[in-house]
Structures are given as C-alpha cells and as structure tokens.
Amino acid sequence: MRAAARAFGARVRDRVAASDPGLLRLAAGLRTVGAIALTLAVLSLLGADVSHLVAGAIAAMVATFAVREKQRDRQAVTLVMGLPVALASVSLAALLSSRLLAGDLFFVALIFCAVYGRRFGDRGTALGLIGFQVYFMSLFVGVGTSSLLGYHGVIAVAFAGSAAARFVLVPQTPTGILLRLRQAFRARLAQLLDAQLELLDAAPDDVAKAVAQVREGTARLHETAMMIQGRLDEGTPDEAVARLVQRRIADAEIAAERLGLLLLTARSAERADTLTMHLPGAPLPGSGPLPVRDEKEALDTLRRDLQALRLLVRRPAEAGSGTALSHVRNRLLGYREEENLPKAPPAAQDVFRGVGEAARAVLGLRIALDGPQDESDDSPETARSREELDAEDAAIGGAEEDEGTAEQVTGLRRPTTRAAVQVAVGSALAIVGGELLSSNRWYWAVLTCWIVFINTASTGEILVKGYRRLLGTVLGVVAGIVLAGLVGHHTWTAFAVVLLCVFAMFYTAPLSYTLMSFFVTAALGVLYTLLHTYSLSVLVLRVEETALGAACGIVAAALVLPVHTDRRTNELLTAVLDRLADVTEASVEQLSGAPPADLLDRARDLDQALADLRAATQPLIHPVTPLRTRRDTARYVVALLETCAYHARSLAATAELLPTHPSIAADPRLRRAGQRIRHNIGAITAHVAREADAVEVVAGPSIAALLEPGRPGTPRYGRVTDRVLRHLQRLDEAVVGLARPLGAPVAPPR
C-alpha cells in the first residue's frame, strides 16, 4: 500500500512538473495572492476602509508581477526603487485630479516614459510598469489630495507585503528553479516516450493522432530545454557544470526526437520525412506493410525496451538502482553494438539503434543531474558508454565565442522609442474617445491601449492581442455579473473571489491571453461591487472602453511609425537564416577537422531566433485570418525551418563528439558537401532581404554524391558516418525546399 501511494505521488508530481515547468506559473500565482492577502490582513487590522483595501490589493499585485529579474538581490533593489516611484505616481495623480487637461497630458507623458524605460532592461520595465499601474489605481479608486497621506501608507504596506511574499512565503532561487526545470525535462521526456509507445501500437487509422501526440510531446520537450538554457547561468555558478548540463540536455532532446522519427519510419512503408514531426497536417509516409508487425517477437521486444527506457528516465538516482534496473540499462546500451541487435527488418533495427543511443543520452543525463552512479553491475557496453561520457565531460570547455558588434540603432528606429511614440499617440486618442464615452471611467480605454503594446512588435501582433483582450473582456463581463450577484456586498467573500481570480489570471497568463483577460474582468466586477459602483451599465461601458482602447492601439500602430507584420517576419526570418548558416558552417568545419568551437550555444541562438519568428507569425496563422494561402505558407516555412534547426542541432552535437567518439572522425571532404548548403542559405537570405546581388538556389545530386570517392576497400563506417551524411542530406533538402514558398530563384539542375 505504501509503495502504491509513493508511486501515485510520483506520477502526480511528474504530471504537475510537466504541465508547469519549474512551477513558474504556480509560484507567480501563489506569490501574487500571498502579497495581496498579507496586505489586506495588515490593512484590515489597521481599520482601513474598502477603498484603501482595494488600492492595497492593486498595489500589492503590481509590485509583485512588475519585478521580473532572476537574481534575488536585483529583485530586492528594484522593489526598493519601485516604492518612491509608486509614491510619486500616486501623489501626482492626486494633485492633477482636479486639473483635467494637465492630468491628461501628464498621463500621456508618463506612458511614454514607462514604455521608453524598457530599453534599460528588466529594471526599467518594472519601474515604468509600477509608475503607470499605480497612476491607474489612483484613478480607479479616486485618490484626492485630502486622502493622499493614507494612500501613501497603503502603498508602503503593499510593497512590504510583496517583499514578504517574494522572499519569505514563496521564495524562489535560481538554483531551485533550475532544479525544478530539470525535473520537468525528465517528466516531459517520459511523456514523449509514452506518446512514442502509443505510436508503436496505434492502429492504422489512429497513426495520425499518435503522430500528433508525438509532435506535441517533442515541442514541449524542446520548450523545456530552452527554458533550462535560459536559466543555466544564474542557476549554476560553476561554468563547467553548466556546460555539462547543457550538453546532456541537448543530447537527450536530439536522441528522443530521432527515436520518434525512426519509429514512424518503422511503422511506414517508406522513410519518414523530418517535416512530418514539425508540420501539423503534413502527409504521413505512404501506407503499406508494417515491417515491425511482420515480426511479432521484434515488436514485443521493442515495446518492452521503450517501457524500460521510460523507467530509466523516471527513476531518480536516489531511489536506488538495483540489479534489475542495471540489467535493463545494460540491455538497452547493448544495442549500440551491431552484434546485439535483434533479428528484425532494417527499419526496426534502426529503432533499436535509436533506443541504444537514447539510453546513452539518458545515462549521461542521470550522471550530469544526479552525480556518479553505481558501476558494479556494468556490462562491457555500459562501461564503454561511461568511458565515452567521461571523455566528453573532460573535453567540455570549448572555445570562447567571439562577440560581434551589434548594429547600433538610434532615434526613432530603436524599438523602444518607436513603441513609446506609438503608445503615447494611441493613449491620447484613447483619452479623447474614452472621455466621450464616460468622463469618469475613460482610463479603461487607456489601459487597454497600453496593454496591447506590451510584448508586441508589429501591427499584426497588436491586432491579435486586441482581439483576444476584447473577447476575454466580453466573457469576463458575463462572469462578473454572475459573481457580483453571488457575493453581494460581503466584503471578505468578495475579496476571496478576487484572490481566486488573481491566481487564475497569473496561472493562465502564459497559456492564454484571452483567459487572463477573462479573469481580470471577472475580478473587476467584484471590485466594483465592493466600491458600491457596480451596475450592468458599468460592465457594458467596460466592454466599450476596451474595444475603443484596442482600436486606438491598432490605429496608432498602423499609422505612426508602423512595423508591418511582413517586415517584422522578414527581419526575423533573416536572423534565423543567418544563425542557421552560422551553426551549419561551424559544425561542418569542425567535422572537417577545424579547431573546436562553441557549437551548442550557437545552436541555442538558432532555437531562440526561431522561437521569436514563430511568435511573430501568429497573426499570419491565426484561425480567423482570411488569407488562407498566406497562413498555409507561413506554417510550412516555419515547419521547414524547425526541420533545418533539428538537423543543425544534430550536426552540432555530433561535431562536439569528435575528440572522444571512436566511430566519428574528421573528414575534410565534408567541406565540399557543406558548400552548397551554405550557398543556398545565403541565396535565400539575400532574396528575403531583397538584396540586389541575390543569387540562385542550387539543387543537384545528393550530398553523398558530392564527396570524392574514397580508396577501394574503404569500409561503410569509415571516416564519415552515415548519420552525419543523412543529417546533411536532409538539411540540404529542407533548405532547397524553402526556396519555393519564399519565391527564391532556383537554378535548373546541371
């Protein structure tokens, strides 16, 4: 019974860790709710009225979510600096409350400064956010000069409550966050293996659904790997350990994605295209006899081995290994030797090889994350894998990457300056239009205009964000009507509902902006009830002001220093292609015998650039877009780029094995094989950038055919492995495939 309870608890922890990597959303929600609850408790003990309680709740929420820095000492400094900014903001709001024109002009100037402050990093962003939101809070509760001193005290209590929640109630350290992210990576890796098991056993009619689950699991694993990459510097003080963890995470991610492709190939009548794993709705490989199913014994063995691999991922080192687990590990690692492969069709044998490489990656991951392992029951194959991992660990150090000089963008071309001007113009329009709708609640239009510009960089992104906010607001009004009727004027019941809405708002914010807006509006309906200003007309006005603010933001973005979606995506596409060329060239050079370079960092830069492009294309692929052809093209291009990034990551990881891996050796012939890929990436980049001297994309014979023939008698697994050639070939095909949807000229084959 106790063992079953422990197993159930482990499954629950894995599920929670996988759904919320690092527990970042949970911590954000709990921290904000804790800050508000502490503030309300202190203010109630001091006898504060409802208006002061509402102001304290808003100020505590702002002080908590505005501070986003990763280091605790920097968080403390920003919080301390934010208090005088908040006090100054509420004071100016009170002094200007009776001067309509001066107050409006100052509000626009404050908005400009708050957005412009983003150029100074997280601290500038936080201080600007505090200044704006506290000014808005002053308008919401009606702060006047006669009550100013009391609100100063409320804000001080709110900041103290925020500090207590951040550093005492829900403390988060970079080391602790990184530890939980590593647990999330393990949990998501196990979930991906579950999806791959379902793909293995799926009926022919269910293969498409199983592939979609594998695709989603692969994307979620990659997302967690990127989150770990972003936290390594702060969470791991030892640079060597950080690089080791980075390497092992990358190995496990690549091995897991490759295993999924091999499984799909084994389930099909032809080799699976990598694009299938990156493009929803992509055609599956042609139907035909299922080679794995022709050998029941091989199928049973493969199913058992995938389950064993999943067990290795989920079983932490501190739980003890035991003879049985050691036997499982030894068997899986044995598949790295040709003589240990089961009798099966070639496609199925490739899957067993993939299982062996994945087991090696999991072993390296366990050593990097959990420390040295028990080696008493090692088989010769396991001992060899450990020696390879030890040699790789000793070789990790890498050359320092040269820091390029970034182009200095000044004036109105700087994104922060452009955004500040756009928001200021949009807010001025929102003030004028909002006061025409309501002289008392015009600030809701300004708030919406402000929010739609946060974390957006193009007109299309602002349009989509405004639509989502309006939809969430409309649905939230309905919920607000229901909640206001339920809580009535029961103060503490209402505040409890508000706390639940605030938690849900922060927990769902990274997942859905519409849901976040829904919970914000629902909470406001309850707050209006507390302030005795609730009515159906007020909530309807809230929708009208939201629509007006979104419209003003869109108009400002479209007419004032506009950044069109096409221009934005082309800039990001060029950045992705530049980084793809950088990773490919460096990997091919190292595989050809050049000195070691920092390949994994370059690969992660490529991944980050691709993530930025994927976010920027959201307006193009939104379900409501009327331009269907353009939407399909954008999806196809992003999927092709994800395919390129996968093969580039794999080449980079293979190149870093050169000093230690016995079956991989430098081969100068690879330089010739990589020349065409580099040329084609450059040709597509020049076409996207509309350069006058753009050249044509060159298609031709396979990469293997470009290599000079070796001497007679050269073994198949000689100086260049089949895997390297396969990645180069697939990368070459994907790059040439980019030319058609992007309209780049292609030279006829010679």
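The residues of the chain are indexed from 1 along the displayed sequence.
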**Message:** Between T584 and R678, is there a side-chain donor-acceptor contact under 3.5 Å, judged purely by atom types and distance?
**Reply:**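 There is no such pair between these side chains.
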**Request:** Answer yes or no: is there a side-chain heavy-atom contact under 4.5 Å between L369 and R248?
**Result:**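 When only atoms from C-beta onward are counted, R248 and L369 do not touch, as no gap falls below 4.5 Å.
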**Message:** If you define the side chain from C-beta out and look only at heavy atoms, does anything of R671 sit under 4.5 Å from E589?
**Reply:** yes
Donor-acceptor pairs under 3.5 angstrom involving side-chain atoms of residues 221-236: please list them, not counting sequence neighbours.
unit_1: H222; atom_1: ND1; unit_2: E253; atom_2: OE2; d: 2.5
unit_1: E223; atom_1: OE1; unit_2: R188; atom_2: NH1; d: 2.9
unit_1: T224; atom_1: OG1; unit_2: R188; atom_2: NH1; d: 3.1
unit_1: T224; atom_1: OG1; unit_2: R220; atom_2: O; d: 2.9
unit_1: Q229; atom_1: OE1; unit_2: Q246; atom_2: NE2; d: 3.1

Closest contact, heavy atoms only, [X] versus [Y]:
{"X": "L306", "Y": "L263", "result": "CD1-CD1, 4.1 Å"}
{"X": "R25", "Y": "D20", "result": "N-OD1, 3.1 Å"}
{"X": "A250", "Y": "L600", "result": "CB-CD2, 4.1 Å"}

**Message:** Check this for me, if you would: do R304 and D300 make a salt bridge, where the nitrogen-to-carboxylate-oxygen distance has to be below 4.0 angstrom?
**Reply:** no
**Message:** Between E357 and R336 (salt bridge meaning N to carboxylate O under 4.0 Å), is one present in this structure?
**Reply:** yes
**Fill in**
Applying salt bridge (Lys or Arg N to Asp or Glu O under 4.0 Å) to E216 and not counting sequence neighbours gives none
**Request:** Could you tell me how the ring of H727 sits relative to the ring of Y646: parallel (under 30°), tilted (30 to 60°) or perpendicular (over 60°)?
**Result:** perpendicular
**Request:** Could you tell me whether the side chain of R360 and the main chain of S385 form a donor-acceptor pair under 3.5 Å?
**Result:**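 No: the side chain of R360 does not pair with the backbone of S385.
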